[in-house]
Amino acid sequence: MELAYIPSPSRGVLYLGPIPLRGYAFCIIIGVFVAVWLGNKRWVARGGRAGTVADIAVWAVPFGLVGGRLYHVITDYELYFSKGRDWVDAFKVWEGGLGIWGAIALGAVGAWIGARRRGVPLPAYADAVAPGIALAQACGRWGNWFNQELYGRETHVPWALHITSSEGGRVPGYYHPTFLYESLWCVGVALLVIWADRRFRMGHGRAFALYVAAYCVGRAWIEYMRVDDAHHILGLRLNDWTALIVFLLAVVYMVLSARKRPGREAVVEPGASDGPAEGAEEPGETAGAAEDEVQDAAGDEADGRPVDEPAEKSAAEADRKAAAEAGHKAGGEAEPEAVQAEAKKS
């Protein structure tokens with residue numbers, strides 16, 4: 001008997017009357033909220049509008065869920081379409097089975113649709129939400145703990161996961177908690193992306209590519225530890241090959257993008273930081289100008305002039321008096337002819 005271990009929950013679902021409350025679903029929902037919250041903060045910090053991340057997530061999340069399920073069903077089709085299996089089980093998402101590769105791929109399609117509708121560049125949006133996606137994965141992996149699934153080889157380490165269920169071919173015992181390893185790795189990936197983004201001002205999708213590459217590194221060695229059934233190619237699990245290919249693609253993208261479009265986008269959401277239109281008067285300025293006009297009109301009435309009479313006559317009289325005073329100071333000479341002529345006109 002192990003002295004220290006991680007216990008598994010006795011069941012992964014509670015019932016509120018007829019309504020099932022599944023731990024797997026709650027973990028995914030919490031992850032989505034975390035991703036949107038952090039993504040919104042990073043988007044606003046880069047000059048975008050608050051709420052844009054959530055609006056695009058309305059498209060990305062459903063697409064991601066469908067993509068994740070499709071990847072799982074396609075790569076583990078024998079669980080649903082082989083002899084003695086019920087194909088209807090392919091729709092039972094709550095029982096587990098979401099492939100991150102499909103979720104990211106099809107989720108990106110949904111994000112592209114949402115970003116296009118909002119008029120924002122998809123790479124900039126991806127950079128903003130990348131750390132949040134990693135944290136969402138960290139939360140979602142705990143759903144595997146509720147379902148007692150995706151654990152590693154048998155072990156006797158103090159943090160071993162105690163599997164108690166015997167359903168679905170499980171063998172009760174103590175195993176490596178690969179769900180926990182991946183959850184912690186995803187937290188580290190999120191911190192790495194946040195640090196690198198601040199340090200190097202990554203833009204044009206490179207922060208997202210860094211998240212993808214870093215996640216693939218962790219997924220490769222964690223996948224290697226798992227003992228659940230999987231397709232193998234040349235002795236490696238299918239997800240190991242997928243992680244390797246996606247890692248290489250992400251690294252190539254970072255290198256080429258840095259050469260072609262260095263730096264970061266100056267504007268991530270057109271119009272998000274626009275103030276009043278150029279040349280437009282502020283409300284206070286308009287009110288002040290109106291008040292000045294009223295005061296000028298009152299002054300004109302006090303001088304005995306009509307309100308709408310131009311002030312040209314007063315200006316001419318002032319010029320004549322100034323010229324006359326200048327002439328007297330110069331030696332008492334007569335007023336200049338121009339001034340005399342102006343006086344006769346008056």
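Quick caveat, the model's predicted, so the values are computed rather than measured.
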K.L.:
Whether the side chain of Arg153 engages the backbone of Tyr175 through a donor-acceptor N/O pair (distance < 3.5 Å, no angle test) should be reported.
P.N.:
no

K.L.:
At their closest point, which heavy atom of Thr164 faces which heavy atom of Pro172, and how far apart are they?
P.N.:
O-CG, 3.9 Å

K.L.:
Are Val34 and Tyr215 connected in the hydrophobic side-chain network, where two residues link if heavy atoms are under 4.5 Å apart?
P.N.:
no

K.L.:
Is the number of heavy atoms from other residues, nucleotides or ligands under 6.0 Å of Trp87 CH2 greater than 12?
P.N.:
no

K.L.:
Say whether Val246 and Leu98 are linked into one hydrophobic cluster, either directly or through other cluster members, by side-chain heavy-atom distances under 4.5 angstrom.
P.N.:
yes

K.L.:
How far apart are the C-alpha atoms of Val129 and Asn40, what are their side-chain angles, what is the distance that settles it, and do they pass the side-chain contact (heavy atoms from CB on, under 4.5 Å) test?
P.N.:
CA-CA 8 Å; Val129 301; Asn40 183 71; over 6 Å; no

K.L.:
Any heavy-atom pair between the side chains of Arg22 and Leu14 that's under 4.5 Å?
P.N.:
no

K.L.:
Under 4.5 Å between any side-chain heavy atoms of Trp159 and Tyr181, yes or no?
P.N.:
yes

K.L.:
Run the numbers on Trp145 and Ser8 for side chain to side chain donor-acceptor pair (under 3.5 Å), then give the verdict.
P.N.:
CA-CA 7 Å; Trp145 176 67; Ser8 292; 4.6 Å; no

K.L.:
Would you say the side-chain atoms of Thr75 pair up with the backbone N or O of Tyr71, donor to acceptor, closer than 3.5 Å?
P.N.:
yes

K.L.:
Check whether any side-chain N or O of His162 sits under 3.5 Å from a backbone N or O of Ala160 as a donor-acceptor pair, and report yes or no.
P.N.:
no

K.L.:
Quick check on the 6.0 Å ring-centre criterion: do Tyr125 and Trp112 meet it?
P.N.:
no

K.L.:
Looking only at heavy atoms, which two atoms of Pro62 and Ala57 are closest? And how far apart?
P.N.:
CD-O, 3.8 Å

K.L.:
Is a side-chain N or O of Arg42 found less than 3.5 angstrom from the main chain of Asp127, in a donor-acceptor match?
P.N.:
yes

K.L.:
Working to the nearest 0.5 angstrom, can you tell me the gap between Thr155 OG1 and His176 NE2?
P.N.:
3.5 Å

K.L.:
Measuring from Arg11:CZ to Asn147:CG, what's the distance to the nearest 0.5 Å?
P.N.:
14.0 Å

K.L.:
Taking Tyr224's backbone N and O only, do any of them form a donor-acceptor pair with Arg237's side chain (distance below 3.5 Å, no angle check)?
P.N.:
no

K.L.:
Using 0.5 Å steps for rounding, measure from the SG atom of Cys186 to the CD1 atom of Ile222.
P.N.:
7.5 Å

K.L.:
side-chain contact (heavy atoms from CB on, under 4.5 Å) for Phe81 and Val73? Distances and angles first, verdict last.
P.N.:
CA-CA 9 Å; Phe81 302 106; Val73 172; 3.7 Å; yes

K.L.:
With clusters defined by side-chain heavy atoms of hydrophobic residues (ILVMFWY) lying less than 4.5 Å apart, directly or transitively, does Leu38 cluster with Ile29?
P.N.:
no

K.L.:
Would you indicate whether the side-chain heavy atoms of Cys27 and Phe146 approach each other to under 4.5 Å?
P.N.:
yes

K.L.:
Would you say Arg206's side chain and Gly263's backbone share a donor-acceptor pair under 3.5 angstrom?
P.N.:
yes

K.L.:
Test salt bridge (charged side-chain N to carboxylate O under 4.0 Å, His left out) on Arg46 and Glu265; report intermediate values, then the result.
P.N.:
CA-CA 9 Å; Arg46 294 190 61 177; Glu265 299 90 342; 2.7 Å; yes

K.L.:
Would you call Glu78 and Asp76 a side-chain contact if the rule is heavy atoms closer than 4.5 Å?
P.N.:
yes

K.L.:
Does the side chain of Leu79 come within less than 4.5 Å of Asp229's, by heavy atoms?
P.N.:
no

K.L.:
Would you say that Ile104 contacts Phe208 through its side chain, given a criterion of any heavy-atom pair below 4.5 Å between the two side chains?
P.N.:
yes

K.L.:
Could you check whether Tyr5 and Tyr174 have their ring centres less than 6.0 Å apart?
P.N.:
yes

K.L.:
Answer with yes or no whether the hydrophobic clustering places Val217 together with Met202; edges join I, L, V, M, F, W, Y residues whose side-chain heavy atoms lie under 4.5 Å apart.
P.N.:
yes

K.L.:
Taking all atoms of both residues into account, what is the closest heavy-atom pair of Ala136 and Val32, and its distance?
P.N.:
CB-N, 4.4 Å

K.L.:
Give the ring-plane orientation class for His231 versus Tyr77, where under 30° counts as parallel, over 60° as perpendicular and anything between as tilted.
P.N.:
parallel

K.L.:
Would you say Tyr80 and His72 are linked by a side-chain donor-acceptor pair, where the criterion is simply a distance under 3.5 Å?
P.N.:
yes

K.L.:
Of the non-hydrogen atoms in Ala207 and Val193, which two are nearest, and what is the gap between them?
P.N.:
O-CG1, 3.8 Å

K.L.:
Determine, step by step, whether Trp195 and Phe200 satisfy the ring-ring contact (aromatic ring centres under 6.0 Å, His included) criterion, reporting the C-alpha distance in whole Å, the side-chain angles of both residues, the deciding distance to 0.1 Å, and the verdict.
P.N.:
CA-CA 8 Å; Trp195 171 81; Phe200 303 106; 5.8 Å; yes

K.L.:
Would you check, one step at a time, whether the test side-chain contact (heavy atoms from CB on, under 4.5 Å) holds for Ile56 with Val120?
P.N.:
CA-CA 10 Å; Ile56 298 177; Val120 303; 3.8 Å; yes

K.L.:
I'd like to know if the side chain of Trp101 reaches the main chain of Gly68, judged simply by a donor and an acceptor atom lying under 3.5 Å from each other, with no hydrogens or angles considered.
P.N.:
no

K.L.:
Take Leu21 and Val13, measure what side-chain contact (heavy atoms from CB on, under 4.5 Å) needs, and give me the verdict at the end.
P.N.:
CA-CA 5 Å; Leu21 304 177; Val13 57; 5.6 Å; no

K.L.:
Would you call Ile6 and Leu180 a side-chain contact if the rule is heavy atoms closer than 4.5 Å?
P.N.:
yes

K.L.:
Could you grab the distance from atom CG of Asn239 to atom CG of Leu244, nearest 0.5 Å is fine?
P.N.:
12.5 Å

K.L.:
Counting only N and O atoms by type, is there a donor-acceptor contact under 3.5 Å from the side chain of Arg170 to the main-chain atoms of Gln148?
P.N.:
yes

K.L.:
Please check if the side chain of Trp59 supplies one atom and the backbone of Val109 the other of a donor-acceptor pair under 3.5 Å.
P.N.:
no

K.L.:
Counting only N and O atoms by type, is there a donor-acceptor contact under 3.5 Å from the side chain of Asp86 to the main-chain atoms of Val88?
P.N.:
yes

K.L.:
Nearest 0.5 Å, please: how far is OH in Tyr253 from NE2 in His204?
P.N.:
8.5 Å

K.L.:
Decide yes or no on side chain to side chain donor-acceptor pair (under 3.5 Å) for Tyr211 and Asp197, but give the supporting numbers first.
P.N.:
CA-CA 11 Å; Tyr211 144 71; Asp197 194 26; over 6 Å; no

K.L.:
I need the Leu256 CG to Met254 CE distance, nearest 0.5 Å.
P.N.:
11.0 Å

K.L.:
To check you understand the geometry: which heavy-atom pair defines the closest contact between Val268 and Gly47, and what is its length?
P.N.:
CG2-C, 3.9 Å

K.L.:
Which pair of heavy atoms, one from Pro7 and one from Leu161, lies closest together, and at what distance?
P.N.:
O-CD1, 4.4 Å

K.L.:
Are Val66 and Ile74 connected in the hydrophobic side-chain network, where two residues link if heavy atoms are under 4.5 Å apart?
P.N.:
no

K.L.:
Out of the candidates Arg49, Arg118, Arg117, Arg116, only one should pair with Asp55 under the salt bridge (Lys or Arg N to Asp or Glu O under 4.0 Å) rule; please name it.
P.N.:
Arg118

K.L.:
Could you tell me if the side chain of Glu149 sits less than 4.5 Å from the side chain of Tyr24, heavy atoms only?
P.N.:
yes

